[in-house]
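A short write-up of the structure that comes next.
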Amino acid sequence: MRTRLRRDPRRIEFFQGTLDSTSEITDARIFDTTLRDGEQTPRTSFSYEDKREIAAVLDEMGTHVIEAGFPVNSDAEFEAVRDIAESTTTTTCGLARVVEKDVEAAIDSGVELIHVFVSTSDIQLQDSMHATREDAVERAVESVERVKDAGVECMFSPMDATRTDEDFLIDVVEAVTEAGTDWINIPDTTGVATPGRFQEMVGTVVAHTDARVDVHTHDDFGLATANALSGFEAGGAQAQVSVNGIGERAGNAAYEEVVMALESLYDVDTGIDTTRITELSRLIEEKSGVDTPGNKPVVGANAFSHESGIHAAGVIENSDTFEPGVMTPEMVGAERELVLGKHTGQHSVRERLVEAGFEPTEQEVRTVTRRVKEYGAEQNRITMDVLERFARDVDVDRAREEVRA
């Protein structure tokens with residue numbers, strides 16, 4: 001059974017003034033594509049065991065959909081998708097081009113949702129698919145109808161939607177809607193959308209279909225998470241994400257960023273166990289071989305770390321001073337850290353000395369702080385062993401309890 005932290009009843013105080021509304025999004029679902037698009041990260045490949053392990057954690061956390069892979073790709077991929085579909089309680093999705101063998105492989109894999117796609121932008125139709133607009137619509141409708149005839153939930157994607165002629169995009173949307181698709185995914189395949197423009201596009205699609213709308217945003221300009229949230233604000237019901245944002249080129253909207261923005265900034269209860277987000281991130285870092293930058297939002301090593309004297313002093317007094325307040329390290333299964341270095345102030349040094357069992361005087365704190373700053377300025381890493389050495393050099397007394405022991 002998943003456990004969730006209770007929302008802080010004081011959270012509303014953080015949204016006074018310019019952030020006084022949290023009602024733009026009322027409901028939101030998370031579609032994880034780490035095992036499919038995430039695995040398309042250059043130089044990344046998940047083994048069968050990796051996929052099963054990752055899927056199990058995503059399932060346990062309450063992720064709404066797991067896109068397990070591309071069943072037609074290989075026998076091994078087919079088996080992995082089938083096994084994930086059988087072993088998880090969440091909805092498992094398989095990807096398929098609008099090609100008969102792809103759709104049949106996805107149906108045979110036993111997934112609960114089949115995601116069919118076809119290019120709709122002229123550049124991809126002409127120079128990748130070598131097909132016409134009419135071909136694209138015909139294949140899309142045939143594939144959606146085949147999936148529905150098999151009694152399986154269907155999602156359709158007009159690939160490269162953000163570079164597709166708007167009138168043609170609407171024609172495709174209306175055609176697959178009539179064919180019975182349950183979902184329409186709007187992909188920003190090359191990451192060229194901006195939040196305002198994408199919100200308008202998604203709103204237009206929502207107005208032309210009875211199907212639920214999903215979005216898939218790429219991060220080529222660092223806008224994937226913002227665009228995903230814009231999709232929700234426009235009436236989209238779901239966003240496709242990957243853990244740590246891994247995926248083609250610069251990657252996708254990051255699972256951890258979208259989930260925590262929904263939970264903390266929009267006050268949406270996603271139903272996901274956010275306390276396992278850091279654990280999940282570390283698992284994907286290990287299995288993908290893609291290092292997580294220290295400044296990565298939510299899960300980076302520095303996300304809840306403080307070195308600057310002013311910031312650290314404020315956080316020691318009240319962590320809400322220089323952290324979002326509505327997102328704490330506990331909410332994502334992380335820990336706060338006061339880092340010692342060139343920018344460290346006396347508050348941090350005193351705090352760490354006391355934690356280590358010392359009873360420093362004000363003068364001793366100032367002396368040790370000066371040593372810390374000088375050592376850090378030379379780009380040296382200051383560990384607790386180094387700090388304790390400085391304390392001993394200055395003859396800082398140990399706490400009485402430790403002396404008696």
Side-chain angles (χ1 to χ4, degrees), residues 1-5 30-69 80 84 87-88 90 219 222 224-225 228 239-264 270-307 315 319 323-324 326-339 381 383-384:
M1 181 176 178
R2 297 191 300 273
T3 58
R4 292 178 54 78
L5 295 177
I30 298 297
F31 176 117
D32 182 83
T33 186
T34 305
L35 299 179
R36 200 278 298 171
D37 197 326
E39 191 181 25
Q40 291 175 208
T41 301
R43 294 172 289 279
T44 291
S45 177
F46 296 130
S47 68
Y48 168 84
E49 292 76 15
D50 291 341
K51 286 203 167 194
R52 286 292 300 270
E53 183 177 356
I54 294 165
V57 176
L58 289 167
D59 184 30
E60 292 165 6
M61 289 176 65
T63 308
H64 303 102
V65 181
I66 299 172
E67 189 168 41
I84 290 170
S87 63
T88 57
T90 193
D219 209 31
T225 294
Q240 299 190 7
V241 298
S242 66
V243 181
N244 297 342
I246 65 171
E248 293 276 6
R249 304 181 314 280
N252 296 273
Y255 183 109
E256 61 279 2
E257 295 175 18
V258 173
V259 169
M260 291 314 298
L262 289 168
E263 292 268 348
S264 297
T270 63
I272 289 172
D273 181 4
T274 65
T275 64
R276 298 188 67 181
I277 279 179
T278 298
E279 170 196 346
L280 176 65
S281 171
R282 301 295 180 264
L283 175 64
I284 298 304
E285 182 177 29
E286 174 193 349
K287 301 300 185 183
S288 69
V290 179
D291 293 336
T292 302
N295 65 336
K296 178 75 172 64
V298 184
V299 293
N302 295 338
F304 299 99
S305 296
H306 307 272
E307 179 179 330
V315 167
S319 61
E323 288 181 4
V326 289
M327 179 176 68
T328 66
E330 293 79 14
M331 289 172 68
V332 298
E335 294 182 358
R336 183 175 295 107
E337 182 181 8
L338 298 178
V339 178
R381 183 168 177 261
T383 64
M384 284 305 296

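Just so it is clear, the values below take in all heavy atoms, side chains as well, and ignore hydrogens, waters and symmetry mates.
- A 4.5 Å side-chain heavy-atom check between I30 and L262 finds at least one atom pair inside the cut-off.
- Remark: the backbone N or O of D59 is not paired with any side-chain donor or acceptor of T90 at under 3.5 angstrom.
- Exactly one of L283, L58, V57 qualifies for a side chain to side chain contact (heavy atoms under 4.5 Å, CB included) with R276. That residue is V57.
- A salt bridge (Lys or Arg N to Asp or Glu O under 4.0 Å) check over residues 242-253, counting only residues at least two apart or in different chains, returns the pairs D220-R249.
- By the side chain to side chain contact (heavy atoms under 4.5 Å, CB included) test, T44 pairs with T41, F46, S288, V290, sequence neighbours left out.
- In this structure, M260 and P297 have side chains that are not in contact, with every pair of non-hydrogen atoms separated by 4.5 Å or more.
- Taken to the nearest 0.5 Å, the CD1 atom of I284 stands 10.5 Å off from the CD atom of E39.
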* Asked: What do the steps show when you test V299 against V332 for side chain to side chain contact (heavy atoms under 4.5 Å, CB included), and what is the final call?
  -> CA-CA 8 Å; V299 293; V332 298; 5.9 Å; no

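- Annotation: side chain to side chain contact (heavy atoms under 4.5 Å, CB included) contacts of E285 (sequence neighbours excluded): N244, R282, D291, T292.
- Take S242 and apply the side-chain hydrogen bond (donor to acceptor under 3.5 Å, both in side chains) test, not counting sequence neighbours, and it matches no residue.
- Across Q240 and A253, no two heavy atoms sit closer than the pair O-CB, 4.2 Å.
- Between the OG1 atom of T225 and the CG atom of D219 there is a distance of 6.5 Å, given to the nearest 0.5 Å.
- Residues forming a salt bridge (Lys or Arg N to Asp or Glu O under 4.0 Å) with E257 (at least two apart in sequence, or on another chain): K296.
- Contact of the K51 side chain with the I84 side chain is registered, since non-hydrogen atoms from C-beta on lie closer than 4.5 Å.
- Once rounded to the nearest 0.5 Å, the distance linking NZ of K287 with CD of E53 reads 4.5 Å.
- Distance check, rounded to the nearest 0.5 Å: CG of L280 to CE of M61 gives 5.0 Å.
- The minimum heavy-atom distance linking V243 with T34 is given by the pair N-OG1, 2.9 Å.
- Here the closest non-hydrogen pair linking P42 and G247 is CD-O, 4.1 Å.
- For T88, the side-chain hydrogen bond (donor to acceptor under 3.5 Å, both in side chains) partners two or more places apart in sequence, or in a different chain, are T92.
- The closest side-chain heavy-atom distance from E330 to F304 is not below 4.5 Å.
- Here the side chains of M327 and T274 are not in contact, with every heavy-atom distance at 4.5 Å or above.
- Shown here for M331 and S264, the closest heavy-atom pair between the two residues is CE-OG, 3.6 Å.
- A donor-acceptor distance shorter than 3.5 angstrom exists from the side chain of H64 to the backbone of T270, with no hydrogens or angles considered.
- From D32, atom CG reaches atom OG1 of T63 across 6.0 Å, with rounding to the nearest 0.5 Å.
- Taking OG1 from T33 and CD1 from I66, the interatomic distance works out to 11.0 Å, rounded to the nearest 0.5 Å.
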